[in-house]
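Below is one structure; the comments refer to it alone.
What you see below is based on every heavy atom in this structure, not just the backbone, and it leaves out hydrogens, waters and symmetry mates.
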Amino acid sequence: MDWFEPVRAYCERGGPQFWAEPANALSNAAFLVAAAAAARRASAAEPPDRAGLALSALVAVVGIGSFLFHTLAVYWSMLADVIPIALFIYAYLALALRRFLKLAPIRVAAATGGFALLGFALTPVLDGLTGLDVARLTNGSVDYLPALLALFGIAGAVTRRPEERFLGTGRRLAGIGLLFLISLAARTADQAACTLLPTGTHPLWHVLNAVILYALVATAVRHRESAG
């Protein structure tokens, strides 16, 4: 494995230079803003929401890792990009199952582990069923399909609970899911948009995702507060 193997994955990159993706690189500042806002929201809770603070820190790491990838564009920096994203997804899923759906810790662990296995197996299974390179056709966005389905699934499950606060949380999660769908469309369209937009649409993915991650943390904090 060559940790310094160049990776050219996005429309904006035209060469190996550090600033070959300025829009992609600089748009990661949105994650740092989202992390600060989420941390402030979690800190304002009484008592401070430690899970929310931990997730806020992960949002900042997501932004830093993505910045490294869109400037250095080598294999190890790609891992610095995707691993924090995966960690946030797994951590938020576990928190949502515990806080929103009140599952026992053992069931949370089992569901989160099963979700992780699904994520690893999804692309090879789809490739085998369709005979296509699904990751290439979707510009890698297929990897986020389990997260999208989980978000809508939890939103539906939470909405069906009788308490008013669960209904509000479910609706907020569903709205975040719709925004995530738009964000995924922007990510998927990046290469196709090259002829019309030199920067591609990946910077929009960054900005929308920053909003999404803040909204997810804020929703978790608000739900805990509503429990009294």
Side-chain angles (χ1 to χ4, degrees), residues 31 34-66 79-123 141-161 163 165-181 183-184 209-228:
F31 289 109
R40 182 176 181 179
R41 181 70 179 88
S43 297
E46 187 57 48
D49 193 324
R50 289 183 293 178
L53 289 170
L55 287 169
S56 302
L58 261 180
V59 174
V61 175
V62 166
I64 293 169
S66 184
L79 296 180
D81 178 31
V82 300
I83 290 175
I85 295 172
L87 290 176
F88 183 94
I89 291 171
Y90 300 150
Y92 196 86
L93 175 63
L95 178 65
L97 293 173
R98 182 65 177 158
R99 184 171 292 185
F100 301 155
L101 298 183
K102 305 297 183 182
L103 296 188
I106 188 66
R107 296 180 65 187
V108 171
T112 305
F115 175 84
L117 290 176
L118 172 64
F120 283 116
L122 179 63
T123 299
S141 297
V142 67
D143 293 338
Y144 295 93
L145 181 59
L148 179 67
L149 295 177
L151 185 52
F152 279 123
I154 291 173
V158 172
T159 302
R160 287 195 294 270
R161 296 178 71 94
E163 298 95 327
R165 70 189 182 96
F166 285 94
L167 179 61
T169 296
R171 287 174 174 172
R172 280 187 285 275
L173 291 174
I176 295 169
L178 291 175
L179 185 59
F180 189 31
L181 189 60
S183 182
L184 275 176
N209 265 12
V211 174
I212 288 165
L213 297 187
Y214 167 77
L216 286 171
V217 176
T219 297
V221 174
R222 180 171 180 169
H223 185 85
R224 197 201 72 169
E225 289 177 326
S226 67

Check residues 54-63 and write down every donor-acceptor pair under 3.5 Å in which the side-chain atom is one partner and the other belongs to a residue at least two apart or another chain.
| residue | atom | partner | partner atom | Å |
| --- | --- | --- | --- | --- |
| S56 | OG | A39 | N | 3.2 |
| S56 | OG | G52 | O | 2.7 |

> What heavy-atom pair brings R224 and D49 nearest, and what distance separates the two atoms?
Replying inline: NH1-CA, 3.5 Å
> Less than 4.5 Å apart, any side-chain heavy atom of H223 and any of F166?
Replying inline: yes
> If you round to the nearest 0.5 Å, how far is OH of Y92 from CD1 of I154?
Replying inline: 8.0 Å
> So, R161 side chain and L167 main chain: donor-acceptor pair closer than 3.5 Å or not?
Replying inline: no
>> Are the side chains of F115 and I89 in contact, using a 4.5 Å heavy-atom criterion?
In response: yes
> What distance do L184 atom CG and S141 atom OG have between them, rounded to the nearest 0.5 Å?
Replying inline: 5.5 Å
>> Is there a side-chain contact between R222 and R41 in this structure, where contact means two heavy atoms from C-beta onward sitting under 4.5 Å apart?
In response: yes
> What distance do L148 atom CG and I176 atom CD1 have between them, rounded to the nearest 0.5 Å?
Replying inline: 12.5 Å
> Nearest heavy-atom pair of R171 and T159: which atoms, and what distance?
Replying inline: N-OG1, 4.0 Å
>> Please report the interatomic distance CG(L213) to CZ(F88), rounded to the nearest 0.5 Å.
In response: 4.5 Å
>> With a 4.5 Å cut-off on side-chain heavy atoms, are F152 and L173 touching?
In response: no
> So, for A210 and A34, which heavy atoms are closest and what is the spacing to 0.1 Å?
Replying inline: O-CB, 3.3 Å
>> Between L87 and I83, is the side-chain contact (heavy atoms from CB on, under 4.5 Å) condition met? List the steps.
In response: CA-CA 6 Å; L87 290 176; I83 290 175; 4.1 Å; yes
> Is D143 close to L122 at the side-chain level, that is, under 4.5 Å between some pair of heavy atoms?
Replying inline: no
> If you look at every heavy atom in A51 and R99, which pair is closest and at what distance?
Replying inline: CB-NH2, 3.9 Å
> Would F31 and I64 count as a side-chain contact (heavy atoms from CB on, under 4.5 Å) if you check the C-alpha gap in whole Å, the side-chain angles of each, and the deciding distance to 0.1 Å?
Replying inline: CA-CA 8 Å; F31 289 109; I64 293 169; over 6 Å; no
> For P84 and L79, which heavy atoms make the closest approach, and how far apart are they?
Replying inline: CD-O, 3.9 Å
> For the residue pair G170 and V158, what are the closest heavy atoms and their distance?
Replying inline: N-CG1, 3.7 Å
> Under a 4.5 Å cut-off applied to non-hydrogen side-chain atoms, are L93 and L151 in contact?
Replying inline: no
